[in-house]
There are 2 protein chains.
Amino acid sequence: MLTYSSTSRPSLQQIAPSGFPQISGAPASRQIEAIGVPMLFKRGNEVYGQGEPGEYIYRVVTGAVRACRILADGRRNIGAFYLPGDMFGLDAGPAHGFSAEAVTDSRLLVIRRRSVLALAASDNEVARELWSLTERELARALERAVLLSKTAQERMAGFVLEMAARAAGETIDLPMPRQDIADYLGLTIETVSRTLTSLEQQAAIELPNCHRIVLRNGPALKELNA
Amino acid sequence: MLTYSSTSRPSLQQIAPSGFPQISGAPASRQIEAIGVPMLFKRGNEVYGQGEPGEYIYRVVTGAVRACRILADGRRNIGAFYLPGDMFGLDAGPAHGFSAEAVTDSRLLVIRRRSVLALAASDNEVARELWSLTERELARALERAVLLSKTAQERMAGFVLEMAARAAGETIDLPMPRQDIADYLGLTIETVSRTLTSLEQQAAIELPNCHRIVLRNGPALKELNA
DNA sequence: CGGCGCCTTGAACCAAGTCAAGCTCTGTGG
DNA sequence: CCACAGAGCTTGACTTGGTTCAAGGCGCCG
């Protein structure tokens with residue numbers, strides 16, 4: 001059984017404060033972003049911890065973030081990956097149920113929750129956007145739960161398709177190591193590796209190197225995805 | 001492999017329309033409920049179907065509802081159970097990702113989404129309540145995803161604790177059959193049955209009959225829940 | 001009282017986990 | 001520029017938890 005200890009603390013770096021400009025008439029998401037402060041997080045650093053109050057919400061500009069939880073016995077579970085364009089930190093009822101860590105060096109927009117709420121109070125569009133973002137996050141979480149009750153091959157196919165949907169073309173660059181994929185899919189690293197190899201042998205994908213997947217037969221993967 | 005065919009259609013029954021009273025100053029949840037129409041759904045009937053637009057949101061008054069999805073090959077997945085007091089139907093971005101069916105004869109409050117949105121537009125409290133409900137639903141979905149990457153015994157313990165948290169005392173009355181529990185936990189009905197028996201043998205629970213579980217040792221279950 | 005749906009139990013099987021090498025990058029220092 | 005070291009990935013052999021297949025029991029309703 002592989003266990004995890006806590007990640008190193010910040011050493012994060014603020015890039016530039018942007019103040020609180022009032023951008024009326026802009027789309028709601030733009031308005032929310034406008035009150036954010038860009039920051040750099042180094043690979044492996046914690047953005048927020050499990051159990052901390054959700055004081056901020058975030059938007060990934062570049063890089064990748066994982067939402068993870070360490071269980072009492074050391075097992076780790078990854079609840080989501082956030083890629084450029086994604087907002088996260090919405091999973092905080094009273095407190096965050098998961099911690100968030102930078103998978104690679106990442107540039108994040110950090111937005112004060114109170115500020116967004118204030119904005120939402122005066123602007124319906126913003127309030128609606130907040131709800132909509134959370135709704136989308138909910139849909140993703142439910143989708144992952146469905147994935148988790150399937151076979152290893154189906155989970156892997158689902159994961160590849162999920163990643164492919166976010167990549168522009170046929171080539172997927174994975175920012176995360178195999179262990180992260182394993183913890184996301186509820187499998188072991190060995191099973192992830194074997195299953196990817198098997199998908200390659202079935203000519204569904206190509207694996208030029210371990211950080212890259214090339215889609216060769218999307219329909220076949222969708223078939224596997226059940 | 002057990003497969004599922006579509007459930008019977010409505011035969012639902014409206015109890016009494018309540019109109020659109022304006023209840024200013026009431027708590028947001030009350031205001032939302034006030035614009036709902038109570039309806040009866042018979043055991044097994046569909047409340048809404050997978051892929052349908054989310055025209056309504058619902059509140060369980062009595063009974064129980066399951067959110068489920070049938071996969072292409074006939075496997076079924078249950079995404080959530082909704083018990084008295086729960087609101088559901090919030091998982092509809094453009095359309096419902098899951099269908100909803102009455103587990104037992106159920107009395108539901110049916111609320112037009114458009115009406116809630118209109119209410120939210122003029123009342124911040126309502127808008128916030130909507131967001132908060134969706135956030136809670138998200139937290140539950142993430143929690144279930146964590147559960148799904150554990151062992152059968154841990155899943156079962158988690159399920160029992162989840163149900164116990166909603167029951168007043170030590171006695172849990174399960175409205176759903178074993179097959180529903182299995183599809184919720186991503187297990188087979190046999191494993192559910194065996195695992196419950198095993199928990200009883202460990203003196204963690206008591207099974208007076210198949211619709212009832214009595215908590216005998218909550219702490220032990222929490223231990224198992226990791 | 002009989003039949004049927006649902007639940008439990010048993011035995012055999014298999015997918016995924018575990019344990020253990022070995023390989024391949026990638027970065028580093030000589 | 002190359003050799004080396006280490007982390008991360010792949011592969012193999014074995015084990016095991018959970019599924020599958022099959023039989024039997026229990027309780028409810030007509």
Side-chain angles (χ1 to χ4, degrees), chain A residues 1-5 7 43-44 71 73-77 103-105 147-159 173-201 205-213 224 226, chain B residues 1-5 7-8 43-44 73-77 103-105 147-159 173-201 205-213 224 226:
Chain A
M1 179 63 68
L2 195 64
T3 63
Y4 294 84
S5 50
T7 54
R43 170 186 145 93
L71 301 182
D73 62 356
R75 279 174 297 175
R76 187 179 67 159
N77 191 281
V103 175
T104 59
D105 291 357
L147 205 65
L148 286 178
S149 40
K150 299 196 200 175
T151 66
Q153 199 175 55
E154 289 167 337
R155 293 186 212 192
M156 213 48 248
F159 175 76
D173 274 297
L174 299 174
M176 72 292 283
R178 293 285 186 269
Q179 187 62 61
D180 284 4
I181 300 176
D183 293 342
Y184 180 69
L185 296 177
L187 299 170
T188 59
I189 185 175
E190 292 95 331
T191 301
V192 168
S193 185
R194 275 189 251 274
T195 309
L196 280 173
T197 304
S198 151
L199 287 177
E200 187 176 30
Q201 282 164 355
I205 60 172
E206 222 168 285
L207 299 164
N209 68 61
C210 70
H211 285 294
R212 175 163 287 180
I213 299 178
L224 283 177
Chain B
M1 181 62 68
L2 195 64
T3 63
Y4 294 85
S5 49
T7 54
S8 54
R43 170 186 145 94
D73 62 357
R75 278 175 298 175
R76 187 179 67 158
N77 191 280
V103 175
T104 60
D105 291 357
L147 206 65
L148 287 177
S149 40
K150 299 195 199 173
T151 66
Q153 202 176 56
E154 289 167 337
R155 294 187 211 190
M156 216 44 251
F159 176 77
D173 275 297
L174 299 174
M176 73 291 283
R178 293 286 186 269
Q179 187 62 59
D180 283 3
I181 301 176
D183 292 342
Y184 179 70
L185 296 178
L187 299 170
T188 59
I189 184 175
E190 292 96 332
T191 301
V192 168
S193 184
R194 275 188 250 273
T195 308
L196 280 173
T197 303
S198 151
L199 287 178
E200 187 176 30
Q201 282 163 356
I205 59 171
E206 221 169 285
L207 299 164
N209 69 59
C210 69
H211 285 292
R212 176 162 289 182
I213 299 178
L224 283 176

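In what follows, chains carry the letters A, B, and so on, assigned in the order in which the sequence lines appear, proteins first and then strands, with residues in each chain numbered from 1.
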inquiry  = For nucleotides 24-30 of chain D, give me one character per nucleotide, 5' to 3': B if any protein heavy atom sits under 4.0 Å from the base, S if the only such contacts are to the sugar-phosphate, - if neither.
reply    = -------
query = Quick one: bend of the helix from C:dC1-D:dG30 to C:dG30-D:dC1 from 5 pairs per end, to 10°?
reply = 30°
Heavy-atom closest contact (A:Val192 atom, A:Ala182 atom, distance) = CG2-CA, 3.6 Å
Interatomic distance where [atom1] belongs to [X] and [atom2] belongs to [N] [whole Å]:
X: B:Gln179; N: C:dG5; atom1: CD; atom2: C1'; result: 13 Å
X: B:Arg178; N: C:dG5; atom1: CZ; atom2: C1'; result: 14 Å
X: B:Leu185; N: D:dG17; atom1: CG; atom2: C1'; result: 16 Å
X: A:Met176; N: D:dC9; atom1: CE; atom2: C1'; result: 16 Å
X: B:Leu174; N: C:dC6; atom1: CG; atom2: P; result: 15 Å
X: A:Leu199; N: D:dT11; atom1: CG; atom2: P; result: 13 Å
X: B:Asp180; N: C:dC6; atom1: CG; atom2: P; result: 10 Å

[X] side chain to [Y] backbone, donor-acceptor under 3.5 Å:
X: A:Ser198; Y: A:Arg194; result: no
X: A:Asp173; Y: A:Arg212; result: no
X: A:Thr197; Y: A:Ser193; result: yes
X: A:Asp183; Y: A:Asn77; result: no

inquiry  = With nearest nucleotide decided by heavy atoms, which residue, A:Pro177 or B:Gly186, maps closer to the 5′ end of DNA chain D?
reply    = A:Pro177
note = Within residues 148-155 of chain A, the residues having a heavy atom closer than 4.0 Å to DNA chain C are A:Thr151, A:Ala152
I'd like a table of atom pairs between the protein and nucleotides 9-11 of chain C - only N or O on both sides, under 3.5 Å - with the distance next to each one.
unit_1 : atom_1 : unit_2   : atom_2 : d
C:dT9  : OP2    : B:Thr197 : OG1    : 2.8
C:dG10 : N7     : B:Arg194 : NH1    : 2.9
C:dG10 : O6     : B:Arg194 : NH2    : 3.3
C:dA11 : N6     : B:Arg194 : NH2    : 3.3

inquiry  = Under the rule for side chain to side chain contact (heavy atoms under 4.5 Å, CB included), what residues qualify as partners of A:Glu154, not counting sequence neighbours?
reply    = A:Lys150, A:Thr151, A:Ala226, B:Arg75
request  = Please name all residues satisfying ring pair (Phe, Tyr, Trp, His ring centres under 6.0 Å) with A:Tyr184, sequence neighbours left out, ordered by chain then number.
outcome  = A:Phe81, A:Phe159
task = Could you check B:Leu199 against B:Ile213 for side-chain contact (heavy atoms from CB on, under 4.5 Å), going step by step and ending with a plain yes or no?
result = CA-CA 11 Å; B:Leu199 287 178; B:Ile213 299 178; over 6 Å; no
message = I want to confirm an ordering. Mapping B:His211 and A:Leu187 to their closest nucleotides on DNA chain C, which one lands closer to the 5' end?
response = B:His211
